[in-house]
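Below: one structure, written as structure tokens.
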There are 2 protein chains.
Amino acid sequence: MSERVVPEGSRQRRRPTKQGAVLSERLIVDTALRLIAQHGAEALSVRRLGAALGADPTALYRYFRNTDALLLAVADELIGRAQEGWTATGDWRTDLRAMGLRINSCYRNNPQAAALAAHRTTGRPHETRAVERILGILRGAGFPDDLAVRIYHAFVDQALAFAAQDAAAAALPTAAREKDEEVWHAVYGRLSPDTHPNIAATFPLLAADMRDSGYPFALELMLAAVEALRPTEQGG
Amino acid sequence: MSERVVPEGSRQRRRPTKQGAVLSERLIVDTALRLIAQHGAEALSVRRLGAALGADPTALYRYFRNTDALLLAVADELIGRAQEGWTATGDWRTDLRAMGLRINSCYRNNPQAAALAAHRTTGRPHETRAVERILGILRGAGFPDDLAVRIYHAFVDQALAFAAQDAAAAALPTAAREKDEEVWHAVYGRLSPDTHPNIAATFPLLAADMRDSGYPFALELMLAAVEALRPTEQGG
DNA sequence: TTCACACGTCAATGGCGTTGACGTAAGCTT
DNA sequence: AAGCTTACGTCAACGCCATTGACGTGTGAA
């Protein structure tokens, strides 16, 4: 008797599948991400992933205990990709903005992994590096530690919360997403000015604005408020 | 031939199930919320809901076209509960703050349901009323329509995103949540000042701050930034 | 050259949402 | 009060899902 899952490090026997593919943890994670990117949110299932790999679906269970373990591995990969190639400019506002937008767009590009990952603390290297960097930006900008920590918290939670929110929207089955958009016109476009004067008065603006993520503007608002809290250069 | 779903308003024949339950949209939504609260989000399935109602599972399809429609009804019920008893004070900042905190706390009190519902557009009465009210607060405060709409969008998305985030954390199984916190101390508390100087320098503050939701401070930041955008009383 | 067993495969289980057909009883009409 | 329509609860079935246990082959070590 042996454990079903063998850790990637101690894996030795690599045996090709009937269709000739040689599996590995890395290949499976990459294939999963590609599957999501190419065929949308609902395309990721054990069966389809098996098919995409050219292997029996249950071969996956030799590499991951279950689908949740697979998704965590995918999520870890995501955190790394969000920071890939990022470098500090030295301007705290530019750097914070870049960090926020990178997290947001990276998660939105990989919705259902993001939906699961955004509210977990992994404690893994990619995550700790991001925390370190953001704190560094704030402390480098002159914020005292207690304020830097509070701002860090608000900033990170906002980035992750919006990322999860946007990812969840992107991960909806096509039918549900289309219905959500249709609701805007079918319902909000037809509310009477008598009962809903504010919606009626602003509907065209509303319908246009709600198509995009609210994050960029919310991020700008936060950055502006943070700027107002910043100590002056020659303080003390 | 008839449509499978009859609108609740024009429903006339109420026929008890074999087990004696008399179904209604309201009963189904309440039962779904109770089921989720008691047994977690994953406990909500057509079959289990049918069992909890004392009816054949497929009887639900006489009331909701599919599970997505049911979920939207549940989501709207939550929005309604968040607004229960709210009245405007006339001070836009007080009113916006109250709205945000109410949504946040209501969703956190129903974490399992919130996690499912927070990112959907229902188009149902409770939702349209909330939209109308928030737009009213902003327009009443003197914001021009285009700006009011952008602020509305950022405000609502942030409230829902944080609510979902906090709800997701609250919805974690006790064991997993404890383990997450333990990992947090074990990993972040032991990072070397050489590799992670900023984390090491702020760890006690960080550990204390991260225990609570980041929303209240993020909300205050947003309100402050919005105040700065507000036209002066005697403008133009 | 042998041999243990890792790992790809297969079959099967029990869950899921959803559909179409069916019959019964509810509530209208007369 | 009788009859009719049909709403709505029920049943059976479909195709999807993740996951498990058993099996045998070929790999890599000895």
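Sequence lines set the chain letters: A, B, ... in the order given, protein chains first and strands last, and positions in each chain run from 1.
Considering only side-chain N and O atoms, A:T17 lies nowhere under 4.0 angstrom from the phosphate OP1 or OP2 of C:dG8. Between A:S45 and D:dC17, a side-chain N or O to OP1/OP2 separation shorter than 4.0 Å is present. At least one side-chain nitrogen or oxygen of A:K18 sits closer than 4.0 Å to the OP1 or OP2 atom of C:dC10.
Rounded to whole Å, atom C1' of D:dG21 lies 14 Å from atom CG of A:D56. Atoms CZ (B:R62) and P (C:dG20) sit 12 Å apart, rounded to a whole Å. A straight line from CZ of A:R14 to C1' of C:dA6 spans 11 Å, rounded to a whole angstrom. Across the protein-nucleic acid pair, B:R13 atom CZ and C:dC28 atom P stand 9 Å apart, rounded to whole Å. Summarising the geometry, the separation between CG on A:N66 and C1' on C:dG15 is reported as 16 Å, rounded to the nearest angstrom. Distance B:L60 CG to D:dC11 C1': 15 Å, rounded to the nearest Å. Rounded to a whole Å, the OH atom of B:Y61 is 17 Å from the C1' atom of C:dA21. For the pair B:L53 CG and D:dC8 C1', the interatomic distance rounds to 15 Å; values are reported in whole Å.
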How far apart are the C-alpha atoms of B:H126 and B:R81, what are their side-chain angles, what is the distance that settles it, and do they pass the side-chain contact (heavy atoms from CB on, under 4.5 Å) test?
CA-CA 9 Å; B:H126 289 143; B:R81 292 187 185 183; over 6 Å; no
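Here A:A59 lies in heavy-atom contact (under 4.0 Å) with a base. As judged by a 4.0 angstrom heavy-atom cut-off over every strand, B:R47 is placed among the base-contacting residues. Heavy atoms of B:F64 sit nowhere under 4.0 angstrom from any nucleic acid atom.
Interface remark: the A:R4 side chain does form a donor-acceptor pair with the D:dG21 base, using a distance-only criterion of under 3.5 Å.
Closest to the side chain of A:V46, from the set C:dT9, D:dT19, C:dC16, is D:dT19. Distances were taken from every side-chain heavy atom of A:T58 (C-beta onward) to each of D:dT10, C:dA11, D:dG9; the shortest belongs to C:dA11.
Proximity of a side-chain donor or acceptor of B:E132 to a complementary backbone N or O of A:I199 within less than 3.5 Å is detected. B:T17 places a side-chain N or O within 3.5 Å of a backbone atom of B:G54 that can act as its donor or acceptor partner.
Map B:R15 and B:A43 each onto its nearest nucleotide of DNA chain C; the residue landing nearer the 5' end is B:A43. Residues A:L44 and B:G54 both approach DNA chain D. Their nearest nucleotides, taken by heavy-atom distance, put B:G54 toward the 5′ side. Of the two residues contacting DNA chain C, namely B:P16 and B:P57, the nearest-nucleotide position lying further toward the 5' end is that of B:P57.
A heavy-atom distance below 4.5 Å is found between the side chains of A:Y107 and A:I79.
Relative ring orientation between B:F162 and B:Y215 is described as tilted, the plane-to-plane angle lying within the 30° to 60° band.
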